[in-house]
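Throughout, residue positions are numbered sequentially from 1 according to the sequence presented. Order of appearance sets the numbers: ligands from 1, and atoms from 1 within every ligand. Values below: every heavy atom of this structure, side chains too, minus hydrogens, waters and symmetry copies.
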Amino acid sequence: MMTRPKKSEQEPASQEIVEVAPNILRMQLPIWLPGLGHVNMYGLIDDKGIAVVDPGLPGPKSWAALKSRLKSAGYKVKDVHTVVVTHSHPDHFGGAGRIAKISGARLITHNAFSTWSVTGPTSARGALSEEAARRLELEAAMVAQSSDVHPDEIPTIDDLSGVIHDDTVEVETTGQKWGGTTPWGTENPGPPMKRRVMIQALRYLFDSPEPTHRVHHADRLHLAGREWWCIHTPGHTVDHLCLFDPVDGTLLSGDHVLPTITPHVSGVNQADSLKSYLATLDLVARLPDVNLGLPAHGNPFLDVAARVAAIKEHHHERMEQLRSAGIALGPASVQSLSREVFPKRHWGVMAESETFAHLQHLLNAGGAERYEEDGKIMFRMGDRL
Ligand SMILES: [Zn+2]
Ligand SMILES: [Zn+2]
């Protein structure tokens, strides 16, 4: 039987440290998430020490790998003066709080950054509303759960036994609302019990990534001996941040642009996340002389504009598929529409969330109508678009 070659995002974390651009090191940390084998922690070197971007998942295994990579590169955790987190997913912020605690590093995120333990800035959100809190909770549950899981990519309780059985800390297992109903009205069972316990434990045990600097679009940062532009790129998450060095044309693209995988676009907490995503894809493709993409997963890539074009094409095709499916089915729920366009092995809340994002975009573009029936959101396709 032919086995398909692995996509570079799926390769297991290599121990090799590669200088991918002058004073920029690629260090790979292991992760246990569906469809991904590693996260790239970039080390940006200057005469003051090192800054790191996206220091991996919470938990002891990732932390051990992080320390060993830094050591191979000639640094200690104490030498880290800055941590940049591109967005609020656990494989990107997991080690950030712990580094900051040990080294006193400044911790930089986009202004809108928030997680289960970090509330967004008052200016951007006001106090976190019940509704926003519920959605963040749901999104965390979805990331943890996901439908596209290969069995050996699922973290097990054993992977984290050092954390779980830490008897100085009480692991709380009640009072958190897992599951419930998605915004589009299907039941969301949440992650399996083992995963829930693990995630709960991590919530109470890890050092929360409290930003010391919340940057805005077009702010400048000095790292690796050069000036970077902060580029706010909502879509994959609301708080996604890319960094761009206009002199060399280097883009730290986070999960906004990946080399072979199309990043997940969540329908959970943005009114039209696909609109933001498509617009900010164009934004990065148009950056002056952008010629090197350094993604959070997978290999560096050269033609950023071509990659952007391919990702946009994928989303336009997906909307066409949904439109045809919706015309054939008549009025349909998000779940039934998602099952028309995703293969069975992908069915679940992640696929529905991505479908919902596409349907909301069709709705806003006048290509679909939306109404509610028995607590479920239904879509009907129009003839425009
Ligand atoms: Zn992400
Ligand atoms: Zn990621």
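- No side-chain donor from either of Gln15 and Ser72 sits under 3.5 Å from a side-chain acceptor of the other.
- No other N/O/S atom of Asp91 lies as close to the Zn ion (ligand 2) as OD2 does.
- The distance from the Zn ion (ligand 2) to the nearest N/O/S atom of Asp54 is not under 2.8 Å.
- Summary: ND1 is the N/O/S atom of His89 found nearest to the Zn ion (ligand 1).
- Proximity of the aromatic rings of His87 and Phe93 is defined here by a centroid distance below 6.0 angstrom, and this criterion is not met.
- Between the Zn ion (ligand 2) and the N, O or S atoms of Asp255, the shortest distance is to OD2.
- For the residue pair His358 / His315, a side-chain donor-acceptor distance below 3.5 Å is found, with atom types taken as modelled.
- Glu11 and His38 share no side-chain donor-acceptor pair at under 3.5 Å.
- Residues Arg370 and Gln360 have side chains that bring a donor and an acceptor to within less than 3.5 angstrom of each other.
- When distances to the Zn ion (ligand 2) are checked against a cut-off of 2.8 Å, His297 contributes an N, O or S atom below that limit.
- For His87, the N, O or S atom closest to the Zn ion (ligand 1) goes by the atom name NE2.
- Among the atoms of His92, no N, O or S atom is found under 2.8 Å from the Zn ion (ligand 1).
- For the Zn ion (ligand 1), the nearest N, O or S atom contributed by His236 is named NE2.
- Between the side chains of Asp255 and His92, at least one donor N or O sits under 3.5 Å from an acceptor N or O.
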